[in-house]
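Order of listing sets the numbers, starting from 1, for every ligand and every atom in it.
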Amino acid sequence: MRRTKLYMDTVVDIQVIPGNSEQEAEARIRRAFDAFRKVEDTCSRFSPDSELMAACRQIMTPVPVSPLLFELLCFALQFAEWTGGIFDPAVGKVMEEYGFNRHYLTGQSIQSPAADHTSYRDILLNEQDRTVYLCKPLVIDLGAIAKGFAIDLAAKELEPFDGFIVNAGGDLYAGGHNDRGEPWEIGIQHPTEPERILYKLSLSNEAVCTSGSYERKSATNPEIHHLIHPTSKYSPNTWVSCSVVAPFAMLADAASTASFVYGPEAQTFIENMELKGVLVTPDLQIVTVGGI
Ligand code: ADP
Ligand code: MG
């Protein structure tokens, strides 16, 4: 059984081996899509009324947030620590300034107040009270992990089935096995020819996420795409695409974004994280990492 919907400016495709209960499969797929809606509503940077953007408007005061948003913020800050700020959820204002500020459904653009020099260190969390505290005006951007998080929540709904895939525009979790009882065969898309497969992976109970420079370009600066080095504010170009395989999609999502921004240090980073990766250079050389 296969169903498709649009969330987060991405086609989400869910495939399930339903066993003997088609009805249950339908109901669970519906709940899986609901997870995407919930994550998007909570943390869209493009909707002024998302919980995330409402929280960003309150400076120097602890703001109570939902468990869902808190979970994303915790992971984002943890990952920022692990990468020494290469991964930085405070890049939102830079993204806005490069023209990544338009809602894909309404076309409305957003302009948020922000201080000049901001980083993840200006975002403080209090686990006891489940609050977020911004030391300066800034825009929190969870775009590098929200899709992965939604994929994981959707996958949880589909766990009872022998096999399923939650695929959000190439970022995906492959659960169990296919209808022949084998691991899922997943193709990584060719960076310049979307119809072609560049590399094939065999996955079972694993996620793979890809960050590519070809995906979204800045409208204000042709040298900028949607992956930004937080201190230089430039887009790295060591790779055209970085795919990371991880046990859950939020980790694969964060790690693929970070690998891209790490540039020449991507391999070392992926190895240190004990993950696997497929990196592609601008002249389409494929570099595999972690024993793929
Ligand atoms: P996609 O959303 O196309 O799947 P990614 O998962 O790689 O791609 O996420 C890209 C998003 O990550 C950008 O749109 C932006 O919101 C955010 N981002 C860009 N640079 C960084 C960075 N250095 N650290 C954290 N997030 C970033
Ligand atoms: Mg990512």
Check ligand 1 against Asp171 and write out every atom of the ligand that is under 4.0 Å from a heavy-atom position of the residue. 4 (O)
Would you mind checking if Arg28 and Glu159 are paired as a salt bridge, meaning a charged N to carboxylate O distance below 4.0 Å? no
Atoms in ligand 1 with a heavy atom of Pro230 nearer than 4.0 Å: 23 (N)
When you measure from the side chain of Ser66 to the backbone of Leu69, do you find a donor-acceptor pair of N or O atoms at a distance under 3.5 Å? yes
What is the nearest protein non-hydrogen atom to atom 15 (C) of ligand 1, stated with its residue, atom name and distance? Asp141 OD2, 3.3 Å
Starting from atom 20 (N) of ligand 1, find the nearest protein heavy-atom neighbour and note its residue, name and distance. Ile228 N, 3.2 Å
For Glu223 and Ser235, which I'm curious about, is there any donor-acceptor pair between the side chains at under 3.5 Å? no
So does Pro230 get a backbone contact from the side chain of Asp88, meaning a donor-acceptor N/O pair under 3.5 Å? no
N-O pairing of Asp13 and Lys5 below 4.0 Å: no
Near-ring test Phe260/His225, centroid separation under 6.0 angstrom: yes
Can you give me the O-the Mg ion (ligand 2)-OD1 angle for Ala144 and Asp253, to 10°? 70°
Validation row: Met273, Phe79 side chains within 4.5 angstrom (heavy atoms): yes
Check whether any N, O or S atom of Ser256, backbone or side chain, sits closer than 2.8 Å to the Mg ion (ligand 2). no
Donor-acceptor contact below 3.5 Å, side chain Ser211 vs main chain Thr257: yes
So Thr210 and Gln189, side-chain hydrogen bond (donor to acceptor under 3.5 Å, both in side chains) or not? Walk me through it. CA-CA 9 Å; Thr210 300; Gln189 187 192 310; over 6 Å; no
Which atoms of ligand 1 are found less than 4.0 Å from any heavy atom of Ile86? 22 (C), 23 (N), 24 (N)
Which ligand 1 atoms, with their elements, are less than 4.0 angstrom from a heavy-atom of Asp88? 22 (C), 24 (N), 25 (C)
Where is the nearest protein heavy atom to atom 6 (O) of ligand 1: which residue, which atom, and how far? Asp253 OD1, 2.8 Å
Tell me whether ligand 1 is touched by Ser256 - counting only heavy atoms on the residue side and a distance under 4.0 Å. no
Atom 5 (P) of ligand 1 sits nearest the protein heavy atom Thr257 OG1, 3.5 Å
Out of curiosity, is Thr10 lining ligand 1, as in a heavy atom under 4.0 Å away? no
Tell me the nearest of Pro89, Ala144, Ala252 to atom 26 (N) of ligand 1, using heavy-atom distances. Ala144
Carboxylate-amine/guanidinium contact Arg30 Asp34, below 4.0 Å: no
Give the numbers and elements of all ligand 1 atoms closer than 4.0 Å to a heavy atom of Gly143. 2 (O), 9 (O), 11 (C), 12 (O), 16 (O)
Name the closest protein heavy atom to atom 7 (O) of ligand 1, giving the residue it belongs to and the distance to 0.1 Å. Ser211 OG, 2.5 Å
What protein heavy atom lies closest to atom 27 (C) of ligand 1? Include the residue and the distance to one decimal. Val91 CG2, 3.7 Å
Ser119 and His117: side chain donor to acceptor below 3.5 Å: no
Counting only heavy atoms, tell me which of His225, His226, Lys147 gets closest to atom 8 (O) of ligand 1. His226
